[in-house]
Student: 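Let me give you the structure first, and then I'll get to my questions.
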Amino acid sequence: MSSGNKETASKTAKSATHAPGGEASTTHFGFKTVEEGEKASLVRGVFNSVADRYDIMNDVMSAGVHRVWKNSLIDSLNPRAGMHLLDVAGGTGDIAFRFLDASDGGEVTVCDINAEMLRVGRVRAAEKGYAGRAEFVCGDAQKLPFESRSKDAYTIAFGIRNVTRVEEALAEAYRVLKPGAKFFCLEFSPQVVPVLQQAYDTYSFNLIPKMGEVITGDADSYQYLVESIRRFPSPPRFADMIKDAGFGRVTWRTMSAGVVAIHSGTRL
Ligand SMILES: C[S@@+](CC[C@H](N)C(=O)[O-])C[C@H]1O[C@@H](n2cnc3c(N)ncnc32)[C@H](O)[C@@H]1O
């Protein structure tokens, strides 16, 4: 068993620890404990480093399966004509472009904390002829620069795991959605079906950082990726967090033997 797996059970904790007596609060950055205020810049460093090779790395490390997961997210969303989607932590636009492909006259706002990822996304939007239907906004999932009750739907794919205070991101998702609008989250899950766990851990901890080194020149960012997945709550626990944020009709389903889960909820 890898050292990563040994750490799994004890470390899927709340997104941040609030210290009494005015001491700095801590949180996790992969398996490291860092001050809460440090995490956003560490995460920014990860995506600054890999932005230009981010999309190709996704194809390589998932053998293209991330496309199936993302298409399933869009199928669940079931875009209606003229819908305005907010895709948070939208990075280089992968969810946004799938949404625009599937929607009749829809529009999308991609919001991400990282200007480099958005830069790549804007170039891709122009290449796909979607520049007029996609806007790219730099902003934090925990403090969205949008009006309350203004969005028809909210998606976040492989993003919420990177946020310092997940509860705040969920509260913001609730705030910006119109009543009756839906929230969707596609995220890695910390555990796969038991029979595959060891092989999955071996692949994650031994191969993914090496692939990151070869493809992006950055093993550490992909070490962070695999560690951060082990720190994220299990699907039932994350469903409870979505309920705690106020959402109704919360559901989730896993795909690929539990590698990822899609959660959804309705803004009441
Ligand atoms: C793994 S990428 C996912 C990109 C895209 N959603 C996809 O599925 O390809 C994670 C993204 O989350 C963004 N991110 C991390 N923390 C964030 C925050 N607090 N607010 C908004 N975006 C954030 C990163 O900059 C990065 O672009």
Side-chain angles (χ1 to χ4, degrees), residues 15-16 27-30 34 36-62 64-74 77 85-100 108-122 124-125 134 136-146 153-173 175-176 183-188 208 212 216 218 221-229 231-232 255 259-262:
S15 51
T27 188
H28 50 78
F29 175 73
V34 298
E36 230 187 15
E38 279 182 279
K39 178 160 172 172
S41 68
L42 291 167
V43 169
R44 197 173 290 117
V46 165
F47 291 101
N48 278 342
S49 164
V50 304
D52 283 314
R53 307 287 288 166
Y54 172 79
D55 293 299
I56 189 164
M57 182 62 187
N58 278 348
D59 274 331
V60 172
M61 72 181 167
S62 75
V65 179
H66 76 106
R67 292 165 182 257
V68 176
W69 300 330
K70 289 171 176 170
N71 288 341
S72 292
L73 178 69
I74 299 300
L77 170 63
L85 171 69
L86 173 61
D87 182 40
V88 175
T92 61
D94 244 20
I95 297 298
F97 304 138
R98 282 177 169 74
F99 166 76
L100 293 176
V108 62
T109 299
V110 178
C111 177
D112 197 286
I113 206 167
N114 188 296
E116 277 301 294
M117 294 290 277
L118 291 172
R119 178 186 57 74
V120 175
R122 281 192 195 95
R124 293 179 78 203
F136 292 81
V137 175
C138 204
D140 187 339
Q142 298 171 161
K143 203 167 189 231
L144 291 172
F146 307 111
Y154 174 113
T155 51
I156 185 163
F158 305 117
I160 205 154
R161 174 174 40 84
N162 300 293
V163 167
T164 306
R165 293 187 176 182
V166 173
E167 297 86 347
E168 287 181 13
L170 292 172
E172 279 291 89
R175 182 184 67 76
V176 300
F183 162 91
F184 292 92
C185 177
L186 168 62
E187 190 49 90
F188 290 109
I208 288 182
T216 70
D218 180 356
S221 289
Y222 286 90
Q223 182 70 29
Y224 161 72
L225 165 77
V226 296
E227 292 180 3
S228 67
I229 291 170
R231 302 296 301 257
F232 195 68
M255 287 185 284
V259 171
V260 298
I262 293 179

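Whatever order the structure lists them in is the order used to number ligands and atoms, beginning at 1. Note that the structure is a prediction, hence the values are computed from the model and not measured.
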Student: Should Asp52 and Arg119 count as an ion pair when the cut-off is N to O under 4.0 Å?
Tutor: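 Yes, this pair counts.
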Student: Do me a favour and list the nearest non-hydrogen protein atom to atom 20 (N) of ligand 1 with residue, atom name and distance?
Tutor: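 Result for atom 20 (N) of ligand 1: Ala141 N, 2.8 Å.
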Student: For ligand 1, which atoms have a heavy atom of Lys70 less than 4.0 angstrom away?
Tutor: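 Answer, ordered by atom number: 7 (C), 8 (O), 9 (O).
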Student: Would you give the length of the straight line joining atom SG of Cys138 to atom CD of Glu116, rounded to the nearest 0.5 angstrom?
Tutor: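 Output value for this atom pair is 10.5 Å.
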Student: Do any heavy atoms of Gly139 fall under 4.0 Å from ligand 1?
Tutor: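 Checking ligand 1 against Gly139, which is what was asked, there is a heavy-atom contact under 4.0 Å.
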Student: Keeping Gln142 on the side-chain end and Glu168 on the backbone end, is there a donor-acceptor pair under 3.5 Å?
Tutor: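 Not confirmed, Gln142 side chain does not pair with Glu168 backbone.
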Student: Could you tell me whether Arg67 and Asp94 make a salt bridge, using a distance below 4.0 angstrom between a side-chain N and a carboxylate O?
Tutor: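 Salt bridge between Arg67 and Asp94, a charged N being under 4.0 Å from a carboxylate O: no.
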Student: Of all the non-hydrogen atoms in the protein, which one sits nearest to atom 22 (N) of ligand 1, and at what distance?
Tutor: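 Nearest neighbour among protein heavy atoms for atom 22 (N) of ligand 1, to 0.1 Å: Ile113 N, 3.3 Å.
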Student: Have a look at Leu144, Asp140, Ile160 and point out the one with the heavy atom closest to atom 19 (N) of ligand 1.
Tutor: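 Among Leu144, Asp140, Ile160, the closest heavy atom to atom 19 (N) of ligand 1 comes from Asp140.
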Student: Please verify whether a non-hydrogen atom of His66 lies at under 4.0 Å from ligand 1.
Tutor: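 Contact check His66 vs ligand 1: negative.
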Student: Do Glu38 and Phe29 come close enough that some side-chain heavy atom pair is under 4.5 Å?
Tutor: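 Answer no - side chains too far apart.
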Student: Is a side-chain N or O of Arg44 found less than 3.5 angstrom from the main chain of Asn114, in a donor-acceptor match?
Tutor: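 Such a contact is absent between Arg44 side chain and Asn114 backbone.
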Student: Where is the nearest protein heavy atom to atom 27 (O) of ligand 1: which residue, which atom, and how far?
Tutor: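 The answer is Asp112 OD2, 2.6 Å.
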Student: Please report which non-hydrogen protein atom sits nearest to atom 12 (O) of ligand 1, along with the residue it belongs to and the distance in Å to one decimal place.
Tutor: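 The closest heavy atom on the protein side is Ala89 CB, 3.3 Å.
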Student: Ion pair present between Arg124 and Asp55, side-chain N to carboxylate O less than 4.0 angstrom?
Tutor: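 So Arg124 pairs with Asp55 through a salt bridge.
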Student: Relative to atom 9 (O) of ligand 1, which among Phe188, Phe47, Phe158, Tyr54 owns the nearest non-hydrogen atom?
Tutor: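 Among Phe188, Phe47, Phe158, Tyr54, the closest heavy atom to atom 9 (O) of ligand 1 comes from Tyr54.
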Student: Mark up the atoms of ligand 1 that fall under 4.0 Å of a heavy atom belonging to Met117, in ascending order.
Tutor: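 It comes down to these atoms of ligand 1: 27 (O).
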